[in-house]
4 protein chains.
Amino acid sequence: MKDIIGKTVNKRERILMAAVEVFTRRGYNNARMEEIAETAGIGKGTLYEYFDSKMQLFNEMIIKSWEEYSNSLTADSIHELNFEESIREIIKGHFTFSKEKKKLARVLFWDTEIMDEELKEWMRRRRKEQEKLIDQMVSRAVDAGEIKPVDKMLVYIILGGLVGSIWAINIMNNWEIDPQELADQLTEAVMDGIRK
Amino acid sequence: MKDIIGKTVNKRERILMAAVEVFTRRGYNNARMEEIAETAGIGKGTLYEYFDSKMQLFNEMIIKSWEEYSNSLTADSIHELNFEESIREIIKGHFTFSKEKKKLARVLFWDTEIMDEELKEWMRRRRKEQEKLIDQMVSRAVDAGEIKPVDKMLVYIILGGLVGSIWAINIMNNWEIDPQELADQLTEAVMDGIRK
Amino acid sequence: MKDIIGKTVNKRERILMAAVEVFTRRGYNNARMEEIAETAGIGKGTLYEYFDSKMQLFNEMIIKSWEEYSNSLTADSIHELNFEESIREIIKGHFTFSKEKKKLARVLFWDTEIMDEELKEWMRRRRKEQEKLIDQMVSRAVDAGEIKPVDKMLVYIILGGLVGSIWAINIMNNWEIDPQELADQLTEAVMDGIRK
Amino acid sequence: MKDIIGKTVNKRERILMAAVEVFTRRGYNNARMEEIAETAGIGKGTLYEYFDSKMQLFNEMIIKSWEEYSNSLTADSIHELNFEESIREIIKGHFTFSKEKKKLARVLFWDTEIMDEELKEWMRRRRKEQEKLIDQMVSRAVDAGEIKPVDKMLVYIILGGLVGSIWAINIMNNWEIDPQELADQLTEAVMDGIRK
DNA sequence: TATGAATGAGAATTCATTCAT
DNA sequence: TATGAATGAATTCTCATTCAT
């Protein structure tokens with residue numbers, strides 16, 4: 001099986017791509033397995049050769065998508081950057097991902113309702129990892145005298161908040177804005193506050 | 001009809017309370033009308049004496065809840081406070097609401113997927129109002145020399161982000177924290193930044 | 001209780017009038033008890049003080065209406081008329097009734113489906129009576145040398161047929177025609193045939 | 001798929017046959033989709049693979065049945081027959097159809113109440129066609145000097161009436177009679193009248 | 001391995017009927 | 001006697017899943 005650019009794409013992959021498309025367009029409950037099959041260009045029954053159930057397909061779709069998102073953030077470069085630059089990169093990366101995959105971001109970050117326990121547990125672990133990463137960033141920055149000895153959780157809230165907010169505004173306002181510019185402004189505000 | 005604490009509660013109110021309970025526990029699609037009826041302690045058919053459809057019940061539940069939330073924020077006092085104090089109150093108010101009504105907050109702020117067009121429009125108007133409120137706050141604060149002449153949108157993103165973030169963390173971590181303390185710390189960070 | 005022209009109308013009567021109105025407008029299955037109650041200007045529960053069930057109300061409505069119809073036909077005068085004049089009167093009477101109470105006629109003559117066994121039996125007896133009446137008319141006419149010694153059933157078919165046909169055409173075509181004229185033409189056709 | 005006599009019958013056809021059976025036994029409103037499915041020997045959901053809704057199934061059933069009926073009448077032979085012979089054929093054909101498919105005839109000719117607008121329109125067109133056919137028959141017969149220059153509508157009423165009457169009597173009396181004999185007698189009565 | 005026709009559990013909604021007031 | 005709020009049985013339709021080919 002070949003896709004358009006000639007790269008071999010196996011059927012499992014094709015189904016997952018279709019799942020992203022349909023789940024994000026319709027939401028979990030309104031997505032029909034038949035539409036996913038059609039989108040993947042295969043028969044309805046074939047889905048069940050690769051995935052046990054709608055739920056399992058959703059889970060795997062989320063995991064795959066998270067990994068894509070995650071990869072876009074933890075570019076090794078981050079480890080070589082100082083705190084301010086790291087924050088700027090994180091904001092920019094998140095914004096770019098959210099912009100490209102608006103609806104996926106929604107499902108990924110907020111559709112926790114329909115996740116089953118297994119997937120929720122998986123998500124919790126991923127978030128813990130993120131938290132630890134930020135924790136290390138903050139510690140290093142405090143030690144390096146870059147920032148005030150601030151509670152790691154505080155930074156996590158602020159960063160996480162920005163991240164969610166950006167997505168929400170993206171969705172709501174269909175906002176056109178330059179990722180670089182936004183990242184710059186937000187980073188400055190976070191670093192220096194808004195008090196005159 | 002009396003509820004536990006002896007206050008008279010009419011049936012429409014009782015159904016709305018049950019709807020909050022069930023919709024937030026299960027999400028719109030997995031909520032069954034029968035469970036809402038049972039929760040309200042009434043028969044299935046009685047629901048339809050008070051609400052035309054599942055969708056309409058959901059809409060009214062959202063609107064009622066938003067109004068409760070909204071009232072908890074726009075305490076008149078806000079208008080007499082300076083910018084820093086206002087931010088502190090908003091964060092505290094939101095956090096308190098989110099803590100008490102965790103799941104409701106989720107539905108309220110993020111479950112836009114299942115809302116019908118009428119409700120979406122209603123929500124958009126409410127958010128515009130919020131935006132205008134913050135806009136005024138920022139303008140006054142800039143004029144008063146309290147803060148840098150910063151883009152109103154930036155403040156909206158930061159505040160909105162914090163608000164979302166707080167909720168998310170609340171949900172995920174089942175976090176125990178004092179609203180006042182959190183509000184203080186976040187306000188300080190927002191005002192003065194985190195740079196040493 | 002008084003109706004418009006000041007005649008006392010008891011509640012039972014009022015309900016039956018409302019039943020005619022609603023059953024003929026909606027058909028048995030689409031008629032709601034509530035609408036009948038509203039039309040009668042009484043409460044829903046009150047219906048059940050006077051009639052045991054929807055079915056029973058329908059039955060009584062049919063019986064009452066049939067009697068009205070029946071009275072409009074068996075005017076004593078008929079017994080004093082000769083055969084040709086009788087036929088003319090029957091056709092005219094039926095046409096007039098059908099014209100005034102189009103939809104009731106439909107229910108009365110053709111909605112046998114929803115009748116329960118008791119009512120069907122009642123209708124069968126009424127039709128037998130009609131049949132007997134015609135039988136007598138034919139016998140007398142044959143004896144009097146007015147018509148050929150024709151099978152009574154044949155006349156019954158022809159007359160019954162005309163009766164149904166008139167109603168159907170009334171319904172379908174919303175036909176405007178003078179009862180007297182139609183009766184004259186049909187009677188002539190029946191009596192003398194259409195052969196040149 | 002084979003039916004009892006070994007003829008291949010596709011499932012759509014089987015469902016339509018079951019629909020005739022159940023709709024005519026119970027009437028539209030009392031027919032349950034589940035019973036139709038059981039009668040067709042298939043699962044409830046399968047109905048909806050072939051028909052969109054109960055209403056659509058009913059419509060198609062009516063149309064199919066009318067076409068069967070129609071075919072039984074407009075045998076090409078009719079066009080070669082004179083007026084008297086044509087009438088005889090029409091009466092005989094209708095009687096035979098009504099005898100075989102009593103209840104279907106009822107639904108077909110009289111259950112207009114539950115038809116939706118689309119189907120009603122379809123029926124109106126079919127009836128117009130019939131009317132035109134009779135119109136032509138009468139015109140030709142008048143021109144040929146076979147019958148008096150009688151109003152076409154009159155013949156339509158008489159023929160249509162007989163047709164309805166035959167069905168009604170069929171239903172009510174469970175009459176056993178020979179189609180040929182009945183057709184002969186009625187034709188004679190129509191042609192020559194019953195006056196001595 | 002791939003398919004899609006067949007299935008039936010499940011959910012929203014309606015409305016005749018009951019019954020407390 | 002009159003009422004209408006409350007009820008739940010009954011019915012249509014959807015769609016994830018199965019399985020014969």
Side-chain angles (χ1 to χ4, degrees), chain A residues 1 11 15 26 28-38 40-58, chain B residues 1 10-12 15 26 28-38 40-58, chain C residues 1 11 15 26 28-38 40-58, chain D residues 1 10-12 14-15 26 28-38 40-57:
Chain A
M1 194 182 316
K11 203 162 287 191
I15 294 173
R26 307 248 184 253
Y28 180 79
N29 279 287
N30 296 318
R32 277 172 303 110
M33 291 298 266
E34 189 152 22
E35 190 176 354
I36 295 175
E38 278 164 17
I42 60 168
K44 204 180 353 168
T46 311
L47 288 181
Y48 290 86
E49 298 292 327
Y50 292 88
F51 301 91
D52 290 341
S53 68
K54 188 181 182 183
M55 198 67 220
Q56 199 221 326
L57 174 55
F58 180 78
Chain B
M1 193 183 316
N10 71 27
K11 200 158 292 186
R12 202 165 195 285
I15 293 173
R26 307 248 184 253
Y28 181 79
N29 281 286
N30 296 318
R32 279 172 304 110
M33 289 300 264
E34 192 154 21
E35 189 178 355
I36 295 175
E38 279 163 16
I42 59 170
K44 200 176 4 156
T46 309
L47 288 182
Y48 290 87
E49 296 288 327
Y50 292 87
F51 300 91
D52 289 341
S53 67
K54 187 181 180 182
M55 197 68 216
Q56 199 221 326
L57 175 54
F58 180 77
Chain C
M1 193 182 316
K11 205 163 284 190
I15 294 173
R26 307 247 184 254
Y28 180 79
N29 279 286
N30 296 319
R32 276 172 304 111
M33 291 299 266
E34 189 152 22
E35 191 177 353
I36 295 174
E38 278 164 17
I42 59 168
K44 204 183 349 171
T46 310
L47 287 181
Y48 289 87
E49 298 292 328
Y50 293 87
F51 300 91
D52 290 341
S53 68
K54 188 181 182 184
M55 198 67 219
Q56 199 222 326
L57 174 54
F58 180 78
Chain D
M1 190 183 317
N10 71 27
K11 199 158 293 186
R12 202 164 195 287
R14 279 246 304 271
I15 294 173
R26 307 248 184 253
Y28 181 80
N29 280 287
N30 296 317
R32 278 171 305 112
M33 290 300 264
E34 193 152 21
E35 188 177 355
I36 295 175
E38 279 164 17
I42 60 170
K44 197 177 10 156
T46 309
L47 288 182
Y48 290 87
E49 297 288 327
Y50 292 87
F51 301 91
D52 289 341
S53 66
K54 187 180 180 182
M55 198 67 217
Q56 199 221 327
L57 175 54

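- Side-chain N/O atoms of A:Y50 include one lying less than 4.0 angstrom from OP1 or OP2 on E:dA2.
- Atom CG of residue D:D52 and atom CG of residue D:L57 lie 10.5 Å apart, to the nearest 0.5 angstrom.
- When the P atom of F:dT14 is taken as reference, atom CD of A:E35 falls 15 Å away, rounded to whole Å.
- Comparing atom distances between the A:Y48 side chain and each of F:dT14, F:dA16, E:dA16 picks out F:dA16 as nearest.
- Atom CD in B:E35 sits 4.0 Å away from atom CZ in B:R26 (nearest 0.5 Å).
- Rounded to an integer number of Å, the gap from C:I36 CD1 to E:dT17 P is 11 Å.
- The two residues B:I36 and B:I15 make their nearest non-hydrogen contact at CG2-O, 4.4 Å.
- The two residues D:G41 and D:R14 have their closest heavy-atom pair at O-NH2, 4.1 Å.
- The cationic atom of D:K11 (NZ for Lys, CZ for Arg) does not lie both less than 6.0 Å from the six-membered ring centre of D:Y50 and within 45° of the ring axis.
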Using a cutoff of under 3.5 Å, can you pull out all pairs of nitrogen or oxygen atoms linking the protein to nucleotides 7-11 of chain F, with atom names and distances?
unit_1	atom_1	unit_2	atom_2	d
F:dT7	OP2	B:G43	N	2.5
F:dT7	OP2	B:T46	OG1	2.5
F:dG8	N7	B:G45	N	3.2
F:dA10	N6	B:K44	NZ	3.3

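- As a whole-Å value, the separation of B:F51 CZ from E:dA12 C1' is 16 Å.
- Between A:M33 and A:Y48, the shortest heavy-atom distance links the atoms CE-OH, 3.5 Å.
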